[in-house]
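Residue numbers start from 1 in every chain, and the chains themselves are labelled A, B, ... in the order their sequence lines are given, proteins ahead of strands. The structure displayed is predicted, hence computed values, not measured ones.
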Amino acid sequence: MRRVALGQGVRAGAGRRGNLGGLLLLVPGLFFLLLFVYWPLLYNLWLSLHEWNLVRPEAAFVGLANYQALLEDPAFWQTVRQSLLYMALAALGNFLVPLGLALLTLQVKSPWAERYQALLFAPTVAAVSVAALVWLYIYLPAAGPLAKVLGGLGLPAPSLLSDPDYALPAVALVANWKFLGFHYLIALAGLKALPREVLEAARVDGAEGLPFLRHVLLPLLFPTLLFLLLSALASALDYAFVPIDVMTQGGPFGHSTNLMYAVYQEAFRFFRAGVAAAQAVLLTLGLGVLILGQLFLLERRNRG
Amino acid sequence: MAKRLLPHLLLGFSAFLVLLPFAYQVSLSLTPPEALFGSPWPFHHPLTLENYRVVLEKLPMGRYTLNTFLFALGSALGQILLGLLAAYALVFRPPPWTGLFLGLFVLSMLVPFVVTYLPSYLLVARLGLLNTFPGLILPMLTAGYAAFLLRQHFLGFPREILEAAVVDGAGTRDLLFRILVPANLPTLLALFITLFIGAWNQFVWPLLVANRPDMYVLTVAVQRFAGGEGANAWGPLMAASVLATLPTLVLFLAFHRTILQTLMEGGVRG
């Protein structure tokens, strides 16, 4: 008789009793997910259709006016452009560089490989808000180490954070520095999981250099690369949030801001909840399209 | 020979660049104010502990550290517990629509935090939980990552062991806490430390909900110090930042092998 009860409890596709028990165990986790992730998404949708701020403390239904105002605002489009530029920088710093470092690590014998892993991962452990203060010192105009080193080389040292052209890349560098180690580790894991036999066989068949890379290594690595790129791009906007807040507050004149930070500023600096929510909805849609697109790519490849 | 050396050179140089900001951080915290801008290189000055004395005198670092510790501990333990229950249910007692529930956990990892902050803030404020530990911790308990990682590990766990235990009269609590938890201890430890460090480093959420000075966590306290008394006082500021970073760095150094391994396994199987 116990055997039956156990089958219900432990096996997949069990009877009604096991299923309901399993559901009960899921409830606590689902409760917090619904309360602090999925309900906020819906609430944003509701908020975005209302005007609600310090001037008008009662939420008033305004239809799509918040969206219309955003789409007609050049500052919003500047933020969108900068978000895209930032994602390109993140693709470089959190995709190509980690991949390169991971490939190099494979060339290195065991104890050293682990040492490099621990060292390169170290910034992931630091609080980015605290680390950004160190970078403020590094970036100090004239007196900071970067300016001095550049000066010593006879190069001009711009005031990175107050220069509209340099503020965004300067902030991006901090985020890239902080999260490089994580993506490096993912890349390394992906490379190590490659089927050795296939690689060996290809080598025996005389595949080398560029053809080896193109016809053997890249196809095998495709899922890892896609995951890495997805992770680097989707989280890119997020990453820059704290460095922006600590170092530039989006300035000068909004030249280092991105969509994440714009949502936060609307909500918690300018107290325009409706506009912030509309931005949040557009942001969610944009990221959703990006993620679904990549999943679609992966799925199609797996089938093909 | 040159071919063997090149990876070492490149990796070593990368590691040097990556670690340089830490060197500045520590060096500045030990530098007297008059020597701050003497040389662009760290550790180029007479070293002093004066900055640490100043910070410990001016800031209640003990209080901030305790706040941060409680916040990080609550967040990490809560996520682990919720993640354990969810992963166990998803793998060993799959209810109807398991795929949907798994999807909810996985998708939650991709929702950018800033999108949820305004509604979460309004909710926490209406519940009267601003400047309380529940207000800080509860919104952190969205255990998507914990549930997903533990699920990946449970999938590889031999079912027969659990079935044998059930024959011996074990209930869900026994299976979970007497078999699965001990058997997956390294993973749980690595997950705990990862979540603990993640919460320890949280900045924006504590900045929003814990803005009363006695409820500051370290990241917020350091930031407030940087914007006030500590402005341009690089020595004391960096001393405070070293004190804020030290606990997580020690944790990482002590457990880096387990952490890196678990993260890599999660990455591969995911």
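- Interface remark: A/Lys192 contributes side-chain atoms only to the contact with chain B (heavy atom separation under 4.5 Å).
- Both the backbone and the side chain of A/Tyr137 come within contact range of chain B, with heavy atoms under 4.5 Å apart.
- Comparing B/Ala244, B/Ser120, B/Ala226, B/Ala146 by how many heavy-atom pairs each has under 4.5 Å with chain A, the most go to B/Ser120.
- Both the backbone and the side chain of A/Leu119 come within contact range of chain B, judged by heavy atoms closer than 4.5 Å.
- Using a 4.5 Å cut-off between heavy atoms, A/Phe182 contacts chain B through its side chain alone, with no backbone atom that close.
- Heavy atoms of A/Ile138 lying under 4.5 Å from chain B belong exclusively to its side chain.
- Heavy-atom pairs under 4.5 Å with chain B peak, among A/Trp135, A/Trp39, A/Tyr43, at A/Tyr43.
- When heavy atoms are compared at a cutoff of 4.5 Å, A/Leu120 approaches chain B by way of both its backbone and its side chain.
- Comparing B/Leu17, B/Leu122, B/Leu20 by how many heavy-atom pairs each has under 4.5 Å with chain A, the most go to B/Leu122.
- The most heavy-atom pairs under 4.5 Å with chain A, out of B/Leu90, B/Ile197, B/Leu141, B/Leu237, come from B/Leu141.
- In terms of heavy-atom pairs under 4.5 angstrom with chain B, the leader among A/Leu140, A/Thr224, A/Leu228 is A/Leu140.
- The choice from B/Leu81, B/Leu19, B/Leu253, B/Leu251 that makes the most heavy-atom pairs within less than 4.5 Å of chain A is B/Leu19.
- In this structure, the portion of A/Leu287 lying under 4.5 Å from any heavy atom of chain B is its side chain and not its backbone.
- Interface remark: of the candidates A/Ala267, A/Ala126, A/Ala147, A/Ala280, A/Ala126 forms the most heavy-atom pairs closer than 4.5 Å to chain B.
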Q) Checking side chain to side chain donor-acceptor pair (under 3.5 Å) for the pair B/Gln25/B/Ser241: CA distance, chi angles, key distance, verdict? A) CA-CA 8 Å; B/Gln25 187 183 13; B/Ser241 86; 2.8 Å; yes
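- With a 4.5 Å cut-off on non-hydrogen atoms, A/Leu133 touches chain B through its backbone and its side chain both.
- When each of A/Val263, A/Leu47, A/Asn44 is checked for a side chain to side chain contact (heavy atoms under 4.5 Å, CB included) with A/Val281, only A/Asn44 meets the rule.
- Within the 4.5 angstrom heavy-atom criterion, no atom of A/Leu259 approaches chain B.
- Heavy atoms of A/Tyr261 lying under 4.5 Å from chain B are absent altogether.
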